A.B. asks: 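What follows is a structure written as structure tokens; I'll ask about it next.
Numbered from 1 within each chain, the chains take letters A, B, ... in sequence-line order. Just so it is clear, the values below take in all heavy atoms, side chains as well, and ignore hydrogens, waters and symmetry mates. If you're wondering where the values come from, they're calculated on a predicted model, not measured in any experiment.
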2 protein chains.
Amino acid sequence: MKRIADPSVRRLSAYLRFLEDCQARQVPTVSSDELARLAGTTSAQVRKDLSFFGSFGKRGLGYEVPDLIARLRGILGLGRPWHFVIVGAGKIGSALAQYAAFRERGFHVVAVYDTDAAKIGAALDGHRVRDVAQLLEDAPLDHPDIAVITVPAASAQATADLVVRAGIRGILNFAPAPLRVPHGVTVQTVNMATELEVLSSALAHHD
Amino acid sequence: MKRIADPSVRRLSAYLRFLEDCQARQVPTVSSDELARLAGTTSAQVRKDLSFFGSFGKRGLGYEVPDLIARLRGILGLGRPWHFVIVGAGKIGSALAQYAAFRERGFHVVAVYDTDAAKIGAALDGHRVRDVAQLLEDAPLDHPDIAVITVPAASAQATADLVVRAGIRGILNFAPAPLRVPHGVTVQTVNMATELEVLSSALAHHD
DNA sequence: TGTTGTGAAGAGGTTCACAGCG
DNA sequence: CGCTGTGAACCTCTTCACAACA
């Protein structure tokens with residue numbers, strides 16, 4: 001399987017979101033042009049993104065909504081449920097634990113961890129917060145696929161090392177620190193402060 | 001002023017983070033190679049990023065930490081405080097309102113808004129949640145520069161229209177919807193579900 | 001006719017390699 | 001000698017333009 005470009009995956013994710021809207025509205029087919037307008041890109045881009053996986057559109061008509069949804073779900077790896085743990089039961093961790101959009105997409109929280117004795121044992125959206133020291137023994141039972149890391153920057157690398165040792169191969173990192181992981185482990189980092197700085201940089205230079 | 005590439009801004013933000021660590025440890029100078037190792041990139045990339053704004057390194061030595069910090073802060077628009085409002089006092093909005101890392105970087109919450117009568121009036125980290133209908137009249141007093149939008153997808157565009165009418169020219173969008181804004185307004189979108197799908201896509205295709 | 005699929009051209013960002021300088 | 005600054009090569013992603021086809 002050829003490597004999919006990261007910007008392309010992000011767009012495919014957006015297409016899928018709109019296709020699901022179309023399906024809810026009983027729209028049978030959709031053209032690259034409509035999809036482009038909805039996702040804020042160009043029709044050529046949409047066709048290039050899709051043609052990477054084969055040609056499943058009908059010329060003069062567009063793409064069949066249910067068919068395209070099924071293919072995109074396959075491409076994005078949504079053909080199966082994914083289980084994830086949240087490490088760090090702070091404000092952001094708690095918010096993510098309760099984020100309904102995850103469940104709707106087939107991502108399920110299996111456990112929430114923290115190091116803080118004051119938080120351990122507390123209930124969080126149906127999950128009792130566990131001691132992070134338990135992660136290694138819990139993993140074989142819960143078999144989590146992904147770890148969402150929402151701990152302070154100082155402990156982010158140690159947390160990453162731990163979840164890798166637990167056999168987890170996907171990390172969504174909200175700590176403001178780059179993580180070193182072995183080959184075969186995928187990391188996505190989201191840095192809130194950086195996002196604001198991208199804005200301030202743009203605003204400062206705009207005038 | 002030439003336009004700065006988005007990936008470059010993100011790296012500059014990371015460099016700044018590490019330079020602040022260096023300053024705290026009294027390190028006087030730092031080489032492109034060290035900075036690259038810390039930020040997870042290459043020394044050539046670091047030098048290219050920096051040379052875009054002029055040449056302020058010392059050959060054979062590296063960059064002076066305090067000097068480079070000052071320049072990066074200027075480039076990233078951190079030479080002044082920024083005021084932002086949060087629209088949407090749900091879980092994510094609340095978490096962001098209390099995120100200390102923002103304040104440390106010079107980003108200050110001036111108000112939190114919601115449409116839900118049950119939330120309006122409640123205290124949130126020192127802010128009384130206000131009715132979003134007040135935003136237009138509040139803006140001239142609070143002069144917010146940025147709006148963080150954490151409302152459901154369905155109301156995201158209407159919210160964006162409102163904050164633009166209020167004179168706000170920077171938007172950090174956490175709603176899973178692309179926003180249409182007039183020329184001169186900058187939008188950064190963070191989509192949690194997309195981030196997880198980038199991971200699931202990578203994990204699904206990896207083996 | 002309307003819309004896809006795609007080679008070719010273009011733009012933008014990254015890496016290389018080395019001259020230049022402290 | 002070591003490390004910066006940078007033109008040139010390289011690569012990746014985007015846009016264009018049009019032949020192919022339902």
A.B. asks: Mind checking the CD1-CD1 spacing from A:I92 to A:I149? Nearest 0.5 Å is all I need.
C.D. replies: 13.5 Å
A.B. asks: Could you tell me if the side chain of A:K91 sits less than 4.5 Å from the side chain of B:S94, heavy atoms only?
C.D. replies: no
A.B. asks: Are the charged groups of B:R130 and B:D142 less than 4.0 angstrom apart, N to O?
C.D. replies: yes
A.B. asks: Would you call the rings of B:Y63 and B:F56 parallel, tilted or perpendicular, taking 30° and 60° as the class edges?
C.D. replies: perpendicular
A.B. asks: Could you pull out the protein-nucleic contacts involving nucleotides 9-12 of chain D (nitrogen or oxygen on both sides, under 3.5 Å)?
C.D. replies:
none

A.B. asks: Between CD1 of A:I86 and NE2 of A:H127, what distance do you get to the nearest 0.5 Å?
C.D. replies: 8.0 Å
A.B. asks: Can you tell me how far the CG atom of A:L135 sits from the CG atom of A:L162, to the nearest 0.5 Å?
C.D. replies: 4.5 Å
A.B. asks: Please set out all donor-acceptor pairs under 3.5 angstrom arising from side-chain atoms of residues 38-45 of chain B, sequence neighbours excluded.
C.D. replies:
{"residue": "B:T42", "atom": "OG1", "partner": "B:Q45", "partner atom": "N", "Å": "3.1"}
{"residue": "B:S43", "atom": "OG", "partner": "B:R47", "partner atom": "NH1", "Å": "3.4"}

A.B. asks: Taking CG from B:L68 and P from D:dC3, how many angstroms apart are they, rounded to a whole number?
C.D. replies: 16 Å
A.B. asks: Check each residue of residues 7-15 of chain B for a non-hydrogen atom within less than 4.0 Å of any atom in DNA chain C, then write out the ones that pass by number, or none.
C.D. replies: B:P7, B:R11
A.B. asks: Specify the closest pair of heavy atoms between A:D114 and A:G90, including all atoms of both residues, with the distance to one decimal.
C.D. replies: OD2-N, 4.1 Å
A.B. asks: Measuring only between side-chain heavy atoms, which start at C-beta, is B:T29 closer than 4.5 Å to B:K58?
C.D. replies: no
A.B. asks: Please find the earliest and latest nucleotides of DNA chain C, in the 5' to 3' direction, that have an atom within less than 4.0 Å of any heavy atom of chain B.
C.D. replies: C:dG13 to C:dG22
A.B. asks: Do you know which of A:R169, A:H108, A:R80 makes side-chain hydrogen bond (donor to acceptor under 3.5 Å, both in side chains) with A:D145?
C.D. replies: A:R80
A.B. asks: Go through the structure and list residues passing ring-ring contact (aromatic ring centres under 6.0 Å, His included) with A:F84, not counting sequence neighbours.
C.D. replies: A:F102
A.B. asks: Please list, chain by chain and in numerical order, all residues satisfying side-chain hydrogen bond (donor to acceptor under 3.5 Å, both in side chains) with A:S31, sequence neighbours excluded.
C.D. replies: A:E34
A.B. asks: Return the set of residues passing side-chain hydrogen bond (donor to acceptor under 3.5 Å, both in side chains) with B:D161 (not counting sequence neighbours), or none when no residue passes.
C.D. replies: B:Q157
A.B. asks: Under 3.5 Å, which protein N or O atoms sit close to an N or O of nucleotides 19-22 of chain D? Give each pair with its distance.
C.D. replies:
{"residue": "D:dA20", "atom": "N3", "partner": "A:R59", "partner atom": "NH1", "Å": "2.7"}

A.B. asks: Between B:F52 (CZ) and D:dT6 (P), how many Å, whole number?
C.D. replies: 12 Å
A.B. asks: If you measure from CG on A:L16 to CG on A:L35, what distance do you get to the nearest 0.5 Å?
C.D. replies: 10.0 Å
A.B. asks: In chain order, what residues pass the side-chain contact (heavy atoms from CB on, under 4.5 Å) check against B:P140, with sequence neighbours excluded?
C.D. replies: none
A.B. asks: Tell me, which stems hold DNA chain C, with a stem being 3 or more Watson-Crick or G-U pairs in a row and both distances under 3.5 Å?
C.D. replies: C:1-22 with D:1-22
A.B. asks: Go through the structure and list residues passing salt bridge (Lys or Arg N to Asp or Glu O under 4.0 Å) with A:R10, not counting sequence neighbours.
C.D. replies: A:D6, B:E195
A.B. asks: Looking at DNA chain D, which of residues 32-49 of chain A put a heavy atom within less than 4.0 Å of it?
C.D. replies: A:T42, A:A44, A:Q45, A:R47, A:K48
A.B. asks: Using the ring of B:F53 (Phe, Tyr or Trp, six-membered ring only), decide whether B:R71 places NZ or CZ under 6.0 Å from its centre and within 45 degrees of its axis.
C.D. replies: no
